[in-house]
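I have placed the structure first, in the form of structure tokens, so that the comments after it can refer back to it.
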Amino acid sequence: MTRDQLAGAARAALGDGRRLEAVERLAGGSRKGVYRLTMDDAATAIAYLWEKSENYWPAAEGDDDLTDPFSPGVGLDLFEAAHARLGSLGLRVPQIHLVDRDRTHYPADLAIVEDFPGEDLMDLLNRDPRAAEPTMARLADALAAMRSHRAPSFGKVALVDGGGTSRATSCENAALDFALGCLAEAASRDRRIADARDRLEERLRGLAAAVRPRVEYSVVHGELGLDHVLVDRDGNPVLIDIEDLLYFDVEWEHVFLQLRHPEGHYRRLAVEGLDEDRLALYTLTQRLSLTAGPLRLLDGDFPDREFMQGIAEHHLNEALALVSVV
């Protein structure tokens with residue numbers, strides 16, 4: 001990415017009186033390019049680029065199927081729908097300065113949004129837990145607002161808010177289909193999963209069968225780590241990486257939070273009354289997803305390969321522990 005490529009978009013977003021001084025690619029994005037734009041008066045903004053060359057994931061069948069709640073959250077439409085829904089619930093999300101889906105300024109879908117150049121919430125919590133407490137409390141309130149919202153059906157927010165429906169008959173069936181796909185993919189790449197495939201499939205089907213029917217769908221971020229929460233000047237949590245936003249079982253969110261964070265961090269966001277059967281099914285599902293996904297990502301040219309291999313190895317071993325024969 002060069003400065004000249006984004007200069008016109010930056011001026012349109014932040015004012016003609018400013019000149020783009022620098023463009024810096026930020027780490028962390030695997031499906032879109034994320035760049036900090038710095039103007040000649042030191043004002044900054046973030047550019048999101050949904051361009052094929054910025055997506056490290058090898059293409060797979062069904063990637064564009066919005067009726068699958070677990071298809072990749074890629075694209076400007078998903079971002080805008082998620083942004084609108086979270087904003088309607090009173091949550092802090094980056095202000096949008098510019099949306100360019102006509103490719104007037106750049107040959108790919110582009111959004112320029114508000115920048116928060118300080119620490120993310122995970123870094124702040126690790127560095128100074130006391131300073132992070134007010135933001136963590138506000139994040140718990142934000143999650144309560146998401147949890148309290150009720151949607152007419154489950155699936156991607158962009159799909160449901162547009163009047164569509166998911167192809168599965170329930171959240172648990174959608175998760176089972178997803179888990180079985182992840183199991184097959186992981187088994188094709190790792191002998192240990194292949195050797196335990198029958199036991200893992202039997203376990204998944206048993207967990208799914210134990211789930212009681214429910215027709216309540218909350219707003220779920222889908223990949224809520226504290227590194228996907230920024231902090232504004234007033235200490236408010238700001239949600240980013242929102243394209244996977246779903247209407248789904250709230251247990252899906254809390255399983256991810258538990259898998260992603262130490263118990264001491266998760267305890268601040270924990271809630272009572274979650275369904276144990278759904279938690280069990282979604283735990284194994286996400287273990288398999290966090291095995292298969294990183295292994296597939298490593299088929300491409302993702303740069304931090306050791307880190308991604310470590311994620312796959314950890315969750316592979318945790319999945320196997322759930323069906324270990326004593």
Side-chain angles (χ1 to χ4, degrees), residues 26-30 34 73 82 86 89-94 116-149 218-246 248-276 278-291 293-294 304 306-319 321-322:
L26 301 183
S30 64
V34 182
L86 291 171
L89 297 176
L91 274 68
R92 184 79 162 90
V93 284
F116 302 88
E119 296 172 299
D120 62 43
L121 184 51
M122 181 178 288
D123 287 340
L124 176 60
L125 185 60
N126 288 333
R127 181 181 61 80
D128 190 343
R130 179 173 295 181
E133 281 298 336
T135 308
M136 289 293 289
R138 293 172 193 173
L139 179 59
D141 291 341
L143 288 173
M146 294 166 65
R147 188 168 63 251
S148 298
H149 182 80
S218 301
V219 179
V220 171
H221 181 282
E223 197 178 7
L224 187 59
L226 297 182
D227 53 336
H228 290 167
V229 182
L230 305 180
V231 183
D232 73 9
R233 293 179 180 178
D234 298 320
N236 297 306
V238 184
L239 298 189
I240 60 170
D241 288 338
I242 58 176
E243 290 95 316
D244 282 314
L245 199 73
L246 294 171
F248 209 74
D249 287 331
V250 68
E251 285 84 1
W252 185 264
E253 191 92 279
H254 282 270
V255 166
F256 190 89
L257 283 165
Q258 286 182 286
L259 297 188
R260 182 70 180 84
H261 301 104
E263 174 60 27
H265 289 183
Y266 170 68
R267 193 180 306 118
R268 296 166 167 84
L269 304 174
V271 295
E272 297 180 352
L274 298 179
D275 184 273
E276 293 296 331
R278 291 174 192 273
L279 291 171
L281 172 62
Y282 296 161
T283 295
L284 182 51
T285 298
Q286 292 193 33
R287 293 290 191 195
L288 292 170
S289 170
L290 290 166
T291 302
D304 196 349
E306 183 177 352
F307 170 73
M308 199 54 60
Q309 184 63 55
I311 292 176
E313 187 68 16
H314 171 73
H315 291 286
L316 183 153
N317 287 318
E318 293 293 328
L322 293 173

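Please read all numbers here as calculations on a predicted model, not as lab measurements.
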Looking at Arg127, I'd like to know if its CZ atom is crowded, meaning that more than 12 non-hydrogen atoms belonging to other residues, nucleotides or ligands lie closer than 6.0 Å.
yes
Say you draw a straight line from CG of Asp128 to CG of Asp123; how long is it, rounded to the nearest 0.5 Å?
12.5 Å
Measuring from atom CG of Leu230 to atom NE2 of His228, what distance do you get when rounded to the nearest 0.5 angstrom?
9.5 Å
Got a second to check how far Arg268's CZ is from Leu226's CG, nearest 0.5 Å?
9.5 Å
Treating Ser218 as the side-chain partner and Ser148 as the backbone partner, does any N or O pair qualify as donor plus acceptor under 3.5 Å?
no
Do Leu279 and Val255 have side-chain heavy atoms sitting under 4.5 Å apart?
yes
For Ile311 against Pro294, the heavy-atom pair lying closest together:
CG2-CG, 3.8 Å
Looking only at heavy atoms, the pair that brings Gly235 and Val231 closest together is CA-CG1, 3.8 Å
For side-chain contact (heavy atoms from CB on, under 4.5 Å), just list the numbers for Met136 and Leu121, CA-CA rounded to whole Å, side-chain angles, deciding distance to a tenth of an Å, and then say yes or no.
CA-CA 8 Å; Met136 289 293 289; Leu121 184 51; 3.6 Å; yes
Tell me whether Gln286 contacts the main-chain N or O of Trp252 through its side chain, where contact means a donor paired with an acceptor under 3.5 Å.
yes
List the steps, then state whether side-chain contact (heavy atoms from CB on, under 4.5 Å) holds for Met146 with Val250.
CA-CA 9 Å; Met146 294 166 65; Val250 68; over 6 Å; no
Without hydrogens or angle criteria, can the side chains of Arg92 and Asn236 be said to hold a donor-acceptor pair below 3.5 Å?
no
For Leu239 versus Pro94, what's the shortest heavy-atom pair and its separation?
O-CD, 3.4 Å
Please round to the nearest 0.5 Å and tell me the distance separating atom CG of Leu274 and atom CZ of Arg278.
11.0 Å
Plane angle bin for Tyr266 and His254 - parallel if under 30°, tilted between 30 and 60°, otherwise perpendicular
perpendicular
For the side chain of His315 and the backbone of Leu288, is there at least one donor-acceptor N/O pair under 3.5 Å apart?
no
Verify, without hydrogens or angle tests, whether His265 (side chain) and His261 (backbone) share a donor-acceptor contact under 3.5 angstrom.
no
Is it true that a side-chain atom of Ser289 and a backbone atom of Thr285 form a donor plus acceptor pair closer than 3.5 Å?
no
Does the pair Thr283 and Glu318 meet the rule for a side-chain contact (heavy atoms from CB on, under 4.5 Å), with working shown?
CA-CA 10 Å; Thr283 295; Glu318 293 293 328; over 6 Å; no
For residues Asp227 and Ile240, report the shortest heavy-atom separation together with the two atoms involved.
O-CD1, 4.3 Å
How many angstroms lie between CD in Glu251 and CG in Leu257, if you round to the nearest 0.5 Å?
12.5 Å
Interatomic distance, CG@Asp120 vs OG1@Thr135, rounded to 0.5 Å, equals 11.5 Å
Side chains of Leu224 and Arg260 in contact at under 4.5 Å (non-hydrogen atoms):
no
Between Val229 and Val238, is a side-chain contact (heavy atoms from CB on, under 4.5 Å) present by the stated rule, with each step listed?
CA-CA 5 Å; Val229 182; Val238 184; 5.8 Å; no
State whether the side chain of Glu253 and the backbone N or O of Val220 hold a donor-acceptor pair below 3.5 Å, judged by distance alone.
no
Between Asp244 and Gly73 (side chain of the first, backbone of the second, donor and acceptor by atom type, cut-off under 3.5 Å), is there such a pair?
yes
